[in-house]
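A short write-up of the structure that comes next.
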There are 2 protein chains.
Amino acid sequence: MKNKQKQVQLRDVQDVLDIIGGRWRGAILASLCDKAKRFNELKRDLGSITPRTLTKELKYLEMNKLVSREVEASGAVSVIYSLTKHGRSLEPLIGQIVAWGQKHRKIVLS
Amino acid sequence: MKNKQKQVQLRDVQDVLDIIGGRWRGAILASLCDKAKRFNELKRDLGSITPRTLTKELKYLEMNKLVSREVEASGAVSVIYSLTKHGRSLEPLIGQIVAWGQKHRKIVLS
DNA sequence: AATACCGGTATCTTTCAGGATACCGCAAAA
DNA sequence: TTTTGCGGTATCCTGAAAGATACCGGTATT
């Protein structure tokens, strides 16, 4: 493989980890892989995230076309967050991350 | 799947992204997937990283048993960094990251 | 003898993700 | 009519990541 191409690959890795990295983004995406969720549902599932951070991260993921936000206009306020088609294309990647994480945890514990 | 298990998965995602995330760690690992490298070789390949940061990240990866550091005691100072067996187990994951990154870049550009 | 490369270390500084805490309007339930 | 839940926003603050810059002792090169 050419050197140029390797450089591009490194940038791809950096870009992707910039998108799904950080304390929360990967977890949010993984949580939405399971099913579409409402704001507070997501918040509860993630455990210790603050609403401020959740709002910010969701907006970021929305901007990057990975998550979509829909307001159900049925009386009370209700907002549903779900993965877009592009977001769902991350599922196998997230699956591998989980798998490696399990393996890694076992190794570290031994 | 049970709720407990989902929570564990979220933690796995967070843990893994903590290890390979950040501006440089993923790129360092990807670069070492290619071949073992010396300090300044790695530095050049990564482009804009400072020696301070490279040192720090390499130590972190060493601590996590993903990278090994070997000093070649042949006259001049020569240090080789390479992936450990455990580090090489990340290769498929990194491959998927690159693949998704390429796809994502195309989508964003269109 | 001077210069350049190797593998870093030492300081200083900026940036920013993310926590803590309080609050908001609205609607439904009690 | 008070309380509870929803979906957030507003401020303030800290710690860690990482850039900028300078420097180090060694060796090899010229």
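In what follows, every chain begins at residue 1, and chains take the letters A, B, ... in the order their sequences are listed.
- Every pair passing side chain to side chain donor-acceptor pair (under 3.5 Å) that includes a residue from residues 39-51 of chain A is listed here, sequence neighbours excluded: A:Lys35-A:Glu41, A:Lys37-A:Asp45, A:Thr50-A:Thr53.
- Legend: ring-ring contact (aromatic ring centres under 6.0 Å, His included) pairs involving residues 51-87 of chain A, not counting sequence neighbours, sorted by first then second residue: A:His86-B:Trp100, A:His86-B:His104.
- Look at CG on B:Asp18: it is 14 Å from C1' on D:dG15, rounded to the nearest Å.
- For residues 7-21 of chain A, the set of pairs meeting the side chain to side chain donor-acceptor pair (under 3.5 Å) definition, not counting sequence neighbours, comprises A:Asp12-B:Arg105.
- Not counting sequence neighbours, B:Lys65 has no partner by the salt bridge (charged side-chain N to carboxylate O under 4.0 Å, His left out) test.
- Residues satisfying the side chain to side chain contact (heavy atoms under 4.5 Å, CB included) criterion with A:Lys6, sequence neighbours excluded, are A:Met1, A:Asn3, B:Asp34.
- Identified under the salt bridge (Lys or Arg N to Asp or Glu O under 4.0 Å) test for residues 83-103 of chain A, with sequence neighbours left out: none.
- The salt bridge (Lys or Arg N to Asp or Glu O under 4.0 Å) contacts involving residues 48-57 of chain A comprise A:Arg25-A:Glu57, where partners must be two or more places apart or lie in separate chains.
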Tell me, for nucleotides 4-20 of chain C in 5' to 3' order, what letter each nucleotide earns: B for a base near a protein heavy atom under 4.0 Å, S for only sugar-phosphate near one, - for neither? --SBBBBB-----SBBB
Output a table of nitrogen or oxygen pairs between the protein and nucleotides 28-30 of chain C separated by less than 3.5 Å.
none

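- A donor and an acceptor atom, one from each side chain of B:Ser82 and B:Ser68, are located under 3.5 Å apart.
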